[in-house]
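Numbering of residues begins at 1 and proceeds along the displayed sequence. Keep in mind that what you see is a predicted model, and the values were worked out from it rather than measured.
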Amino acid sequence: MAALRRKFGEDYQVVNTNRGSTFPSAPVKKKRQRFVDKNGRCNVQHGNLGGETSRYLSDLFTTLVDLKWRWNLLIFILTYTIAWLVMASMWWIIAYIRGDLNHGHDASYTPCVANVYNFPSAFLFFIETEATIGYGYRYITEKCPEGIILFLFQSLLGSIVDAFLIGCMFIKMSQPKKRAETLMFSQDAVISQRDGKLCLMFRVGNLRNSHMVSAQIRCKLIKSRQTPEGEFLPLDQCELDVGFGTGADQLFLVSPLTICHEINPKSPFFDLSQRSLMNEQFEIVVILEGIVETTGG
């Protein structure tokens, strides 16, 4: 067994490590769908679950964090815009019901909110209050208990909206998804001899000078199989040992490292020949976990 078929992009490549073998080593190109893309996105869609929308809405905060940036920004802008217009309308309604709009320039009249003559002035008063700008020109008077109650409600609602949306944006910005762009994996994986043992090997490297703390690597073999009872298991996951027992899976990633999986009787590749590797349909997913030193994420 001296060849391994690995999936890169939309192609399958056969790597032959036996120099004297007559087995063809030309790449075999077949259009197949990947289970996990190179950027880490899983090509899995859930359907016919029932109540899927309500389940996502019950965990609204995580749902917003998982959305794309364009939807996050749209929700951020719409939420603040709608909240501002609604609260400004409530201030304008209070002024309209009390008749303050008809006594805007009457010095002897005490309105609910001083110097609020129309909807734009009510909107400006709300913005000044919500943003704690306080220009001093518009203010609540003591003759307006309903305005004081609305002011308290506005302060509580504004704090809740700010905590929810700003917290969501902060967590989304601090996600280290782009950190994976500077983690490089070798283009090809090979099967070769190392220390007298047949091994599947590939390399991984970190382009940044900042270290990854507690870096650990795992490999999953994803392929369909059928049990002795006749049950078909699509996308069955099998762990590939890359040094779990010896601690070799704990990486000190300051320079490119070669990750090695020994093909022993416990390996899922042990019973496969060169030709069966060509016919088998499988995918190897590499999972690299760690804490980014600069951000702690």
Test item: [X] and [Y] side chains (from C-beta on) under 4.5 Å apart, heavy atoms:
X	Y	result
Met87	Leu150	yes
Ile217	Leu257	no
Phe269	Ile191	no
Glu146	Ile97	no
Ile75	Leu67	yes

Just by distance, do the side chain of [X] and the backbone of [Y] share a donor-acceptor pair under 3.5 Å?
X	Y	value
Thr63	Leu57	no
Lys223	Gln281	no
Asn115	Tyr137	yes
Ser121	Asn118	yes
Thr141	Cys112	yes
Thr81	Leu78	no

Self-check item: salt bridge (Lys or Arg N to Asp or Glu O under 4.0 Å) pairs, two or more places apart, involving residues 193-204
Solution: Lys197-Glu262

Closest approach of [X] to [Y] (non-hydrogen atoms, all atoms of both residues):
X	Y	value
Phe119	Ser89	CE1-OG, 3.5 Å
Leu235	Ser224	N-OG, 3.4 Å
Ser273	Ser276	N-OG, 2.6 Å
Ala88	Ala122	O-CB, 3.9 Å
Lys143	Thr110	CG-CG2, 3.5 Å
Asp188	Phe202	O-CB, 4.4 Å

Self-check item: Contacts of type disulfide bond (SG atoms under 2.5 Å apart), residue Cys260, not counting sequence neighbours
Solution: none

Self-check item: By disulfide bond (SG atoms under 2.5 Å apart) - contacts of Cys199 (at least two apart)
Solution: none

In this structure, would [X] and [Y] fall into the same cluster of hydrophobic residues linked by side-chain contacts under 4.5 Å?
X	Y	result
Ile160	Trp84	no
Ile166	Leu156	no
Val190	Met184	no
Phe252	Ile291	no
Leu207	Val213	no

Tell me which donor-acceptor pairs under 3.5 Å the side chains of residues 123-130 have, and how far apart each pair is, sequence neighbours excluded?
unit_1, atom_1, unit_2, atom_2, d
Glu128, OE2, Arg138, NH1, 3.4
Thr129, OG1, Phe125, O, 2.8

Self-check item: Trace of the side-chain contact (heavy atoms from CB on, under 4.5 Å) decision for Asn72 with Leu64
Solution: CA-CA 7 Å; Asn72 274 108; Leu64 290 177; 4.3 Å; yes

Starting at [atom1] of [X], measure out to [atom2] of [Y] and round the result to the nearest 0.5 Å.
X	Y	atom1	atom2	answer
Glu283	Gln237	CD	CD	10.5 Å
Leu101	Tyr96	CG	OH	8.5 Å
Ile284	Leu200	CD1	CG	5.0 Å
Phe270	Leu198	CZ	CG	9.5 Å
Asn102	Tyr109	CG	OH	8.5 Å
Asp162	Tyr80	CG	OH	3.5 Å

Practice problem: Please lay out, stage by stage, how Thr79 and Phe164 fare under the test side-chain contact (heavy atoms from CB on, under 4.5 Å). | Solution: CA-CA 11 Å; Thr79 301; Phe164 189 85; over 6 Å; no

Tell me if the [atom1] atom of [X] is crowded by more than 12 foreign heavy atoms within 6.0 Å.
X	atom1	answer
Phe151	CZ	no
Phe170	CZ	no
Phe61	CZ	yes

Practice problem: Show your reasoning for whether side-chain contact (heavy atoms from CB on, under 4.5 Å) applies to Asp100 and Val113. | Solution: CA-CA 8 Å; Asp100 296 345; Val113 180; over 6 Å; no

Practice problem: Quick one: list whatever passes side-chain hydrogen bond (donor to acceptor under 3.5 Å, both in side chains) with Thr227, sequence neighbours left out. | Solution: Glu229

Quiz item: Would His261 and Ser267 count as a side-chain contact (heavy atoms from CB on, under 4.5 Å) if you check the C-alpha gap in whole Å, the side-chain angles of each, and the deciding distance to 0.1 Å?
Solution: CA-CA 8 Å; His261 165 67; Ser267 172; 2.8 Å; yes

Could you tabulate the donor-acceptor pairs under 3.5 Å formed by side-chain atoms of residues 239-251, not counting sequence neighbours?
unit_1, atom_1, unit_2, atom_2, d
Glu239, OE1, Lys220, NZ, 2.8
Asp241, OD1, Gly243, N, 3.0
Asp241, OD1, Phe244, N, 3.0
Thr246, OG1, Gly243, O, 3.4
Asp249, OD2, Gln216, NE2, 3.1

